Every structure is written in C-alpha cells, then in structure tokens.
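First the structure, in the form of structure tokens, and then the observations on it.
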Amino acid sequence: MELTLNTKLLEEYLVPFLILDEDDMVLTSGIGSGEEKKRMAGKRVSELFTKWKETASSKFIHTEYKGKVFVFIKSGVHPCNKRLLIGTETPEIDNLLKEIKKLQTLNRELDAIIENSYDGIYITDNKGVTLKTNSAIERITGIPKEYYIGKNVNALMERGILKNSVTNKVLALNRTVSHVQKNYAGNQTLLTGVPVHNEKGEIEKVVTNIRDLSDLYELQAEVMKVNKLNDRYKKELDRLKNKPDQLKGIITKSEHMKLLYETAERIANIDATVLILGETGVGKDVLANYIHSTSKRSKAGEFIKVNCGAIPSELLESELFGYESGAFTGASNHGKVGLFELADKGTIFLDEIGELPLTLQVKLLRVLQEGEIQRVGGTKPKKIDIRIITATNRNLKQMVDDGEFREDLYYRLNVIPIKIPPLRERKDDVLPMTQMFLEEMNKKYSLNKKIDYDLINFFLTYNWPGNIRELSNLIERLVVTTPDDLISLDSLPAEYMAKNNEEAVELVTLKDAVEEAERKVLTLAAEKYANTYEIAKVLDTSQPTIVRKLKKYNIYINK
C-alpha cells in the first residue's frame with residue numbers, strides 16, 4: 001500500500017521511476033506516455049535501456065532510454081522483493097561522467113609519465129610532506145620509493161637521508177630553486193624544485209626533479225674519450241693526406257718505400273743519428289730532408305746539407321766547424337761560422353760520409369758524444385743542439401775493416417740505419433715518377449710532351465744504374481731534344497738503344513730460350529704432319545714425349 005502511494009505521488013509530480021522485481025523485470029514504469037508505460041511492464045531492463053550501469057558500491061544507476069539520460073537512486077528493497085528506483089532525466093550528469101573518464105585517463109597518463117621518468121620525481125604538499133615519488137628515486141638514492149610517502153622533508157634531513165631540502169627553499173622563496181648535493185648513496189645529484197600555485201597564487205605543491213650527475217659525468221668522460229679518439233683519427237687522416245707519395249718530389253707507390261717513409265716519420269722527432277744507405281741517385285737527400293721537415297726541428301732550425309766528397313779535405317774542417325779570426329793565412333778578420341753552428345736547433349745532413357777524412361772523423365765523434373764544437377784556431381768549445389743525418393753509397397763496415405773509417409764513429413752513426421733500394425728493385429715507382437718528372441719538365445719548358453707505350457715499357461724494364469737521378473735527367477733530355485709532341489722509343493739516345501738490345505738478350509735465360517725453340521719447332525711440325533707418330537719420327541723422339549710437349553705448349557695438329 002505504501003509503495004503504491006509513493007508511485008502515485010511520483011506520477012503526480014512527473015518524476016521518472018521504476019518498480020522492478022528480483023529479476024529486474026519492470027512491474028511499473030513512470031517513464032514516457034501511458035501506452036509506453038504499459039509496453040514497458042513485464043520486460044527486463046536490459047531489453048528496454050540502451051545503457052544500464054549499476055554497481056553494488058554506488059546508490060546511483062546511470063541509464064539511457066531512447067536517447068535520454070536518466071539517473072536512478074536505489075531506494076532499497078521493499079516487501080515481496082520489489083525495488084523502487086526514483087530518478088531524474090539529466091544530460092549534465094552524462095557529460096560529467098565523460099569528463100571524469102577523461103580525467104581518469106589523464107591521471108593514468110600522468111602517473112605513467114612520472115613513473116617512467118629517468119630522473120627522480122619528488123612531490124610534496126605546501127607543508128613539505130611527501131605525496132608522490134617514482135621508481136627512479138630508488139635507483140638514484142638506493143632507498144625504496146614507498147619509504148618517502150607521507151614523510152616530511154625535515155624528518156628525512158634529521159635521519160640523514162637528505163642533507164639540504166630544496167622543498168623548504170622553494171617554500172621560503174616562492175620560486176624555482178636548483179641545488180647540487182651528494183645523496184644518501186654518495187652520488188652527486190642536481191635537485192631542481194618548482195612551486196605549483198593554486199588559483200590564489202599560493203604554493204599548493206612542490207615538484208622536485210632529481211638528476212644523478214654521475215651518469216652525466218660518465219657521459220662527459222665518454223665524450224672526452226670520443227673527442228680524443230677523433231683528434232687521433234684527425235691527425236691520422238692528416239698524416240695519410242700528407243703521405244710521402246703525395247709530397248712534392250717523393251714517390252712511394254711500392255710497399256718497400258711506403259714502409260721506409262713510415263719508419264722515417266716515426267723517428268722524425270727522435271734525435272738519434274740516422275745513417276741512410278743506398279746507391280747513387282736513389283734519393284738519400286730527399287729522405288733526409290723529409291725527416292727534418294716532418295720533425296719539430298723544422299720550426300726551430302734549418303736543414304743544412306753538406307756533401308763531404310765535394311769539398312776539398314783541406315777546406316772541409318773550416319767549412320764544418322768554422323774558424324776564428326787569424327786562424328790561418330788568408331782567414332777573415334771576423335772569423336767564420338761553421339755549418340754545424342748554422343744548423344743549431346735544426347738538422348745537418350752529411351752526404352757521402354764515407355769521404356770524410358780520418359782527422360775530421362775524430363772531431364765529428366766529439367760532436368756526437370759531447371754535443372759541442374770548436375772552431376779552427378779557437379780555444380773554447382761551444383755547445384750546439386743539432387740532429388745529425390748521414391748518408392753514403394759505400395760499404396762503411398768494409399771501410400772499418402780496411403781501416404778507412406773509425407769503428408767507434410761507425411757505431412755512433414749507425415744507430416738508425418735506413419737502406420733505400422735501387423730503382424730496379426722498386427719498379428712500381430717508375431711509372432708515377434715518369435709522370436711526375438714529365439709534368440715538371442713540361443711546366444719548366446712550357447711544353448706539352450707525352451710518352452708513348454713502348455717507351456714506358458722500356459722504362460719499366462730498364463735497370464737504371466743511375467736510379468732516380470738518371471730517370472729524371474733522361475726525361476728532361478727527351479723533352480728538350482725530341483721535336484715531336486709524342487716521345488717514342490726511337491727518341492732514346494743511342495747508348496740507351498744499345499743497352500736495351502743487350503738487356504733484351506740477357507733477360508732470356510737458357511731455359512726460356514730452349515722452351516721458345518721447342519715451341520717454334522713443334523708448331524711447324526703440327527702444321528705439316530697429320531699425327532704425333534709422324535712428328536716423333538721426324539724429330540727423332542718418342543711419341544709420348546711429343547704428346548706431352550704439345551699439351552704443355554697448347555699446340556694442336558692441323559689434320
């Protein structure tokens with residue numbers, strides 16, 4: 001009776017309602033027109049409503065019926081297990097529920113961002129009480145993130161977990177504050193606290209970002225390593241760009257010469273004496289100059305070249321060591337500075353050292369041992385700082401055995417011996433040298449000469465007893481004397497043509513000559529006779545031998 005009274009009252013005030021049985025079947029409906037209410041009776045709510053959202057924890061039921069949004073309030077279960085649901089039609093609640101859902105999604109995204117941040121995130125209220133942290137703070141401090149929740153920053157400082165509180169400084173200054181300090185684990189950290197204000201401009205929360213600087217320092221160290229490595233690579237690239245085969249006047253295409261100049265580069269800044277060995281014209285002076293120009297001494301001193309065999313022995317001492325005024329008849333009144341003094345801080349190159357007289361070998365030994373010289377006619381020695389490079393085409397060891405060269409000086413000079421191979425042993429360098437010298441001569445004489453294939457082939461097979469100097473001189477001679485722009489084999493001087501014919505004969509060994517004769521005879525026989533038996537009979541040998549020889553020379557019988 002009471003339930004019926006309530007529904008009549010609700011109908012009178014046009015309040016939407018439903019009376020459901022225990023199976024959610026509609027017994028009475030207060031929604032819609034009279035006919036519509038009758039049709040709803042006896043049907044389950046799931047059949048009538050497009051949305052029916054009911055939870056045990058809430059007194060509200062969110063529903064939709066024919067595009068209209070209703071919210072019903074559970075009024076409890078009445079006798080006979082009947083339920084009265086009183087509601088209202090309100091689209092605003094639906095919009096509110098949608099906004100709540102969006103906010104829940106945003107909260108989940110924000111939580112995920114905070115939790116997955118590589119830096120530690122530490123959020124407190126305006127009293128300094130910890131509200132939220134993330135897992136990164138465990139990695140940075142070594143303390144579980146749950147430990148911080150609900151604790152005041154002052155309490156954390158009292159326990160030694162924090163040394164200084166950025167949060168308190170933010171609250172005191174009402175602005176962003178950054179601070180570097182060591183954390184509980186002993187690592188340096190950068191803490192940046194940012195105030196979060198409410199609509200009144202008051203601090204509501206403080207968000208602190210914690211960055212482990214040890215990672216940054218490690219990254220910085222790695223960057224420094226990479227930069228150093230890049231510098232090394234840059235220097236190596238510069239070195240490769242300036243490799244000897246790309247320097248003016250130097251060609252090192254052969255592997256032997258590449259290794260030789262790489263060795264020269266390694267020892268450039270080592271002041272040990274260098275003895276360069278090799279035949280006349282192989283480029284000993286070029287290598288000596290390269291060692292000096294690659295060294296630090298090239299910035300401080302000069303490269304002085306002395307040909308010990310070109311200066312008369314009676315003048316060589318005064319040229320090398322200089323002399324004081326009045327040292328001998330005809331000497332300058334002002335004296336003279338010797339070549340050793342001129343080379344101070346730099347390099348002196350003593351070419352043809354094997355021609356140095358024994359008397360001067362003693363004085364050179366003193367220069368090497370004491371680092372000082374004494375002028376002719378002088379009384380006081382003078383300290384000098386020079387690097388000595390020597391060269392010879394003679395066998396100094398044999399000269400020592402013959403008593404022509406001091407043994408102690410030989411070992412002083414032979415600290416770093418470098419032997420340059422003759423041009424005949426480095427044929428890979430002949431072609432690029434030919435091209436280089438040809439370009440130089442064309443530029444020197446304003447010509448445009450070229451060398452044909454047969455002449456290049458001659459250059460590659462010729463022994464070059466005069467080495468690089470001979471090659472350079474011959475090309476200059478050909479460029480100047482040949483009337484045509486194309487220099488051919490016929491342009492060679494007569495002495496080279498004779499040598500070419502002699503070497504052609506010498507290059508054919510006895511074995512090669514025999515094989516060539518066999519090939520010619522077998523070729524003629526194969527053209528004339530029908531089978532190997534006839535050929536064997538004519539050539540007075542066995543048939544198996546003929547078969548083997550024909551196979552060796554790849555000769556076929558013309559039947």
Side-chain angles (χ1 to χ4, degrees), residues 53-62 71 73-74 92-93 95-219:
K53 190 173 182 180
E54 179 180 3
T55 59
S57 60
S58 176
K59 290 185 178 182
F60 296 96
I61 301 174
H62 177 220
V71 175
I73 302 173
K74 300 177 185 178
E92 289 80 7
I93 292 181
N95 294 333
L96 181 61
L97 290 173
K98 290 178 179 178
E99 288 297 323
I100 291 173
K101 189 173 182 180
K102 287 182 181 178
L103 288 173
Q104 289 174 340
T105 302
L106 288 173
N107 281 334
R108 283 194 301 271
E109 292 176 354
L110 182 60
D111 287 341
I113 292 171
I114 292 173
E115 177 60 24
N116 292 286
S117 171
Y118 186 76
D119 292 343
I121 304 294
Y122 188 85
I123 303 174
T124 67
D125 61 14
N126 56 7
K127 304 296 182 183
V129 177
T130 308
L131 302 176
K132 192 177 186 64
T133 63
N134 64 351
S135 296
I137 204 167
E138 297 183 14
R139 172 178 53 80
I140 297 172
T141 66
I143 299 174
K145 64 178 184 178
E146 291 80 9
Y147 178 83
Y148 295 92
I149 304 301
K151 291 184 175 61
N152 194 287
V153 291
N154 294 323
L156 294 174
M157 285 193 296
E158 290 175 2
R159 297 183 185 183
I161 295 174
L162 297 177
K163 290 188 176 181
N164 295 297
S165 172
V166 172
T167 301
N168 287 342
K169 291 183 179 180
V170 172
L171 292 172
L173 301 174
N174 194 15
R175 62 176 176 81
T176 300
V177 176
S178 294
H179 183 67
V180 176
Q181 68 177 26
K182 285 189 176 181
N183 61 16
Y184 185 73
N187 297 328
Q188 279 202 340
T189 55
L190 173 64
L191 293 87
T192 301
V194 180
V196 178
H197 299 93
N198 59 19
E199 61 276 5
K200 295 180 181 180
E202 300 169 341
I203 296 179
E204 191 173 57
K205 292 181 178 62
V206 177
V207 179
T208 301
N209 183 277
I210 306 171
R211 175 162 295 180
D212 189 352
L213 293 182
S214 59
D215 293 341
L216 186 61
Y217 293 153
E218 289 178 6
L219 181 60

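In this text the structure is predicted, and so the values were computed from the model without any measurement.
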Q: Only one of Val206, Val207, Thr133, Thr208 passes side chain to side chain contact (heavy atoms under 4.5 Å, CB included) with Ile123; say which it is.
A: Val207
(Q) Whether the side chain of Arg139 engages the backbone of Tyr118 through a donor-acceptor N/O pair (distance < 3.5 Å, no angle test) should be reported. (A) yes
Q) Quick one: are Val177 and Thr192 in side-chain contact, heavy atoms under 4.5 Å? A) no
Q | Minimum heavy-atom distance between Ser117 and Ala136, given as atom pair plus value | A | O-CB, 3.5 Å
Under 3.5 Å donor-acceptor pairs involving side-chain atoms of residues 194-202, not counting sequence neighbours:
from	atom 1	to	atom 2	distance (Å)
His197	NE2	Asn174	OD1	2.8
Asn198	OD1	Lys200	N	3.0
Asn198	OD1	Gly201	N	3.1
Asn198	OD1	Glu202	N	2.9
Asn198	ND2	Glu202	OE1	3.3

Q. Under 3.5 Å, is there a donor-acceptor pair between the side chain of Thr130 and the main chain of Lys151?
A. yes
(Q) Any heavy-atom pair between the side chains of Asn152 and Val129 that's under 4.5 Å? (A) yes
Q.
Quick check: do Lys132 and Asp111 have side-chain heavy atoms less than 4.5 Å from each other?
A. yes
Q. Does the pair Leu131 and Thr124 meet the rule for a side-chain contact (heavy atoms from CB on, under 4.5 Å), with working shown?
A. CA-CA 5 Å; Leu131 302 176; Thr124 67; 5.5 Å; no
Q) What's the verdict on side-chain contact (heavy atoms from CB on, under 4.5 Å) for Val153 and Tyr122, showing C-alpha distance, side-chain angles and the deciding distance? A) CA-CA 10 Å; Val153 291; Tyr122 188 85; 3.6 Å; yes
Q.
Name the residue from Asn168, Thr167, Val166 that meets the side chain to side chain contact (heavy atoms under 4.5 Å, CB included) definition with Val170.
A. Val166
Q: Indicate yes or no for a side-chain donor-acceptor contact from Asn134 to the backbone of Ile113 under 3.5 Å, with no hydrogens or angles considered.
A: no
Q) With the threshold set at 4.0 Å, does a side-chain nitrogen-carboxylate oxygen contact exist between Lys145 and Glu115? A) yes
